[in-house]
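This report refers to the structure that appears directly beneath it.
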There are 2 protein chains.
Amino acid sequence: MDTKLSYSLRELAQLAGVSKSTASRVISGNGYASPDVRERVLKAAEELRYKPNAVARAMVAKRTYNIGVIVFRDKLPIVSHTLYGKIVDEILMAAENLGYSIFLKTDREMSLRSMDYMLEQRVDGLILISRLRKNVIDYVKKFNIPYIMVNGSTEDPDVVHLVSNDEAGGERAAEHLYDQGHRGFFIVAGPVEHRSHSLRLSGFLNKLGRLDDRKRTIAEEDRQSGQGSDGIVDETSTKAEDASRISIVTVAESPDSGFDSGVRLMEERYEEFRSGGYTALFATNDMLALGAMKVLLENGVHVPEDVSVMGYDNTDLGGMYHPALTTVSVDAAGLGRDAVAILDRMIGGQENVPRLIEYESEVIARRSTRGEGNGTCSGIGNT
Amino acid sequence: MDTKLSYSLRELAQLAGVSKSTASRVISGNGYASPDVRERVLKAAEELRYKPNAVARAMVAKRTYNIGVIVFRDKLPIVSHTLYGKIVDEILMAAENLGYSIFLKTDREMSLRSMDYMLEQRVDGLILISRLRKNVIDYVKKFNIPYIMVNGSTEDPDVVHLVSNDEAGGERAAEHLYDQGHRGFFIVAGPVEHRSHSLRLSGFLNKLGRLDDRKRTIAEEDRQSGQGSDGIVDETSTKAEDASRISIVTVAESPDSGFDSGVRLMEERYEEFRSGGYTALFATNDMLALGAMKVLLENGVHVPEDVSVMGYDNTDLGGMYHPALTTVSVDAAGLGRDAVAILDRMIGGQENVPRLIEYESEVIARRSTRGEGNGTCSGIGNT
DNA sequence: ATGTGATGTGGGAACGGTCCCACAAAGAGG
DNA sequence: CCTCTTTGTGGGACCGTTCCCACATCACAT
């Protein structure tokens with residue numbers, strides 16, 4: 001008896017002396033059952049350690065209450081990816097609250113295998129994280145399964161996707177560094193095929209251009225209105241350093257976006273960097289920033305005294321570094337929470353879901369850039 | 001037609017003009033089917049985008065090919081936990097290779113809710129990661145489901161568990177620092193209720209004691225054999241510093257094991273540390289080590305010139321830090337791979353599975369300790 | 001007494017597969 | 001030509017639920 005893995009509703013009903021319909025009503029809570037019967041069934045359930053079989057239930061309900069999460073990646077399999085790990089964590093919590101369980105897969109983007117797996121009615125819906133190309137999307141589209149993209153790199157208007165507003169984030173980063181007086185920028189840009197990297201870069205560059213134009217305009221007005229004028233002048237422009245125009249902007253493209261790539265890139269271009277008059281380094285993600293910063297530190301460059309370094313993503317790692325990395329936050333919590341919530345609505349058949357949600361980013365000022373940044377960091381790493 | 005979510009085997013058979021038994025044979029590959037029929041069925045499957053329903057299949061097979069992974073944690077939900085993230089990654093890959101899918105849950109250890117979920121025949125087996133107390137184990141035991149513990153903290157002999165040999169690792173850490181000439185040790189110990197932390201600590205302390213005894217013995221032999229003796233003398237003992245006995249060993253207990261705890265602990269005891277004559281700091285995991293090290297660095301202490309710092313776990317983060325953290329590796333890959341492999345055997349009904357496997361650890365020498373450590377690190381952090 | 005409605009309970013089809021078994025057709029050996 | 005096997009196909013039970021519907025019982029009003 002004890003060797004039996006589990007009991008069925010029929011066996012439970014038999015023990016309780018009722019029909020399986022009645023037992024079902026008591027267990028599932030749908031339908032009538034007299035107190036007497038209810039008690040008998042519950043007692044029997046207790047005795048047999050009865051647990052309803054979720055598989056059978058899913059079959060008739062045509063609903064599994066499972067959500068598939070696929071994290072696409074280039075090379076290494078990475079749940080421990082500092083940003084995606086956070087998003088997955090949030091998804092896990094949000095799913096739990098809504099009664100869903102999560103199937104997690106990591107996959108190279110060209111393989112459709114794990115997709116197939118999920119498509120076998122194993123899940124009610126799909127959350128796709130990160131880059132994935134058209135062929136994958138087209139494939140998923142063929143099957144009528146609700147899915148949603150998080151931090152993806154497609155611009156397909158049919159696809160529901162949640163992204164952070166990387167362009168605005170890039171602009172804020174530029175503004176932050178510019179306001180701190182920097183005029184020589186070295187930018188480490190991750191793969192431009194990535195939506196995130198390319199938007200962060202363009203946001204940064206565009207903002208820099210506009211700031212510079214404004215500066216020029218003010219300077220000209222200053223000249224036109226003559227010396228000793230009371231004309232409206234931007235207050236920062238009174239300082240000599242701020243008044244100067246941007247001296248140099250260099251974009252160094254990295255084919256990859258990991259820490260190692262940051263290291264490699266800076267090692268290769270260290271001499272150029274050292275002699276170029278750069279005072280600020282911006283990377284399109286934290287990992288690249290940290291990799292590059294590590295090389296600088298190892299070469300005796302002081303951060304932020306000699307060079308300010310700024311990343312993007314607000315990974316926990318950045319906050320733990322010495323010096324703590326100034327960065328731009330990505331609302332991983334919002335991304336994860338909403339992904340599940342919206343998918344849940346799609347699974348429920350609702351049509352009026354937003355096609356695109358953008359999450360705002362903000363600068364997290366810390367020690368790696370000039371200024372008053374604090375060195376705190378969020379918790380991570382319990383064993 | 002296009003609005004239909006999916007087609008059943010019956011519909012497929014109908015289109016192909018065969019019975020569902022025949023269609024099943026073709027699709028599943030079990031049993032006879034003439035080339036003619038086979039082709040017709042496959043063509044129909046193509047047309048309907050037929051996918052076998054995994055739920056129905058699981059019901060009759062009483063086999064889901066799903067494995068549940070539950071990561072227990074104290075406070076924060078953390079897949080992004082640098083060590084567990086790695087283990088989960090490995091499990092994901094290993095599972096993929098063996099044809100399993102992974103249900104991932106993080107849970108506080110007292111809640112049995114996610115356990116219940118898994119127990120509803122949703123999975124073929126369970127992998128439990130990290131600390132979980134007796135009540136959880138007892139609960140799982142009641143249901144006859146194969147399960148395995150990874151890096152757990154129980155000593156229950158019934159439970160199959162995979163752990164790293166933390167005691168030996170602690171010893172190696174002690175040896176490493178001792179051999180580098182350190183005689184004043186400050187130890188940051190994580191929660192002693194954790195098997196890992198307590199064994200790492202005891203291994204470290206015991207080894208230190210033995211090394212010290214040996215040193216004394218050698219010194220006495222040295223004295224006895226008179227000056228200018230050719231007696232066997234440990235080569236390192238010729239150096240004055242090495243010959244000296246251990247001067248001080250302090251164990252600072254941290255109630256928690258995260259980065260923040262390391263920071264907090266060192267901030268509180270900084271004065272004591274500074275004036276105590278310590279030249280080496282060992283923490284029972286990387287996070288505590290990095291937290292403590294960050295405080296030292298911020299106070300102008302040079303690592304490793306003034307103090308050597310050593311952690312444990314070999315998290316990617318340690319290798320990225322500046323200075324790169326010397327640490328003791330944990331075979332996350334082996335742990336994850338074997339967890340799935342052994343569980344697979346248990347699911348298959350095999351009885352002769354090992355009850356306990358210990359994985360050896362080795363010192364990863366890097367820059368944060370005196371010596372020739374290299375500063376490389378493994379890749380992480382692609383976006 | 002009898003219809004009527006509320007209140008519980010049981011029977012059985014359905015979900016979408018697998019697989020055992022029956023059976024038809026065709027080829028081989030007497 | 002008739003059995004006997006081989007080979008391919010179909011019928012249908014079964015897995016463990018849910019849920020619709022039928023039906024039994026009983027109180028109450030007619």
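Residue numbering restarts at 1 for every chain, and letters A, B, ... go by the order of the sequence lines.
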Carefully, step by step, assess Asp338(A) and Arg345(A) under the rule salt bridge (Lys or Arg N to Asp or Glu O under 4.0 Å). CA-CA 10 Å; Asp338(A) 291 353; Arg345(A) 285 165 55 192; over 6 Å; no
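- Using modelled atom types and a 3.5 Å distance limit, the side chains of Ser21(B) and Ser24(B) yield no donor-acceptor pair.
- When rounded to the nearest whole Å, the span between CZ of Arg10(A) and P of dT17(D) equals 10 Å.
- In this structure Tyr139(A) satisfies the ring-ring contact (aromatic ring centres under 6.0 Å, His included) test together with Phe143(A), sequence neighbours excluded.
- For the segment residues 54-66 of chain A, residues with any heavy atom less than 4.0 angstrom from an atom of DNA chain C are, sorted by number, Met59(A), Val60(A), Lys62(A).
- Taking the side-chain hydrogen bond (donor to acceptor under 3.5 Å, both in side chains) definition, one finds that Lys105(B) meets it with Glu96(A), Ser101(A), sequence neighbours left out.
- In this structure, Ile91(A) CD1 and Lys86(A) NZ are separated by 14.0 Å, a value rounded to the nearest 0.5 Å.
- Counting all heavy atoms, side chain and backbone alike, Leu335(B) lies closest to Leu162(B) at O-CD2, 3.5 Å.
- Shown here is Glu39(A), whose CD atom has no more than 12 heavy atoms of other residues, nucleotides or ligands within 6.0 Å.
- Between the CG atom of Leu9(B) and the C1' atom of dA14(C) there is a distance of 16 Å, given to the nearest Å.
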Would Arg355(B) and Asp158(B) count as a salt bridge (Lys or Arg N to Asp or Glu O under 4.0 Å) if you check the C-alpha gap in whole Å, the side-chain angles of each, and the deciding distance to 0.1 Å? CA-CA 7 Å; Arg355(B) 240 56 208 152; Asp158(B) 292 349; over 6 Å; no
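- Ring orientation note: the planes of Phe103(B) and Phe103(A) are close to parallel, at an angle under 30° on the 30°/60° scale.
- If you measure from atom CD of Glu11(A) to atom C1' of dT17(D), you get 13 Å, rounded to the nearest angstrom.
- Regarding contacts with the backbone of dT18(C), a side-chain N or O of Ser24(B) is found under 4.0 angstrom from either OP1 or OP2.
- Summarising the geometry, the separation between CG on Leu12(A) and P on dG10(C) is reported as 13 Å, rounded to the nearest angstrom.
- Under the 4.0 Å criterion applied to side-chain N and carboxylate O atoms, Arg40(B) and Asp36(B) are assigned as salt-bridge partners.
- Put simply, CG on Asn53(B) is 5 Å from P on dG17(C), counting in whole angstrom units.
- Taking atom CG on Leu48(B) and atom C1' on dG16(C), their separation rounds to 15 Å, with Å as the unit.
- Between its opening and closing five pairs, the helix from dA1(C)-dT30(D) to dG30(C)-dC1(D) changes axis direction by 70°, a value rounded to 10 degrees.
- Other residues, nucleotides and ligands place more than 12 heavy atoms under 6.0 Å from the CZ atom of Arg63(B).
- A donor-acceptor contact under 3.5 Å is formed by the side chain of Lys20(A) with the base of dT18(D).
- Atom NZ of Lys43(A) has 12 or fewer heavy atoms from other residues, nucleotides or ligands within 6.0 Å.
- In this structure, a donor-acceptor pair under 3.5 Å is present between the side chains of Asp124(A) and Thr64(A).
- For the contact set between residues 28-41 of chain B and DNA chain C, defined by any heavy atom under 4.0 Å, the members are Ser28(B), Asn30(B).
- Across every non-hydrogen atom of Leu15(A) and Ala44(A), the tightest pair is CD2-CB, 3.7 Å.
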Contacts under 3.5 Å, N or O only, protein and nucleotides 20-25 of chain C:
none

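- Nearest to the side chain of Thr22(B), among dT9(D), dA13(C), dT18(C), sits dT9(D).
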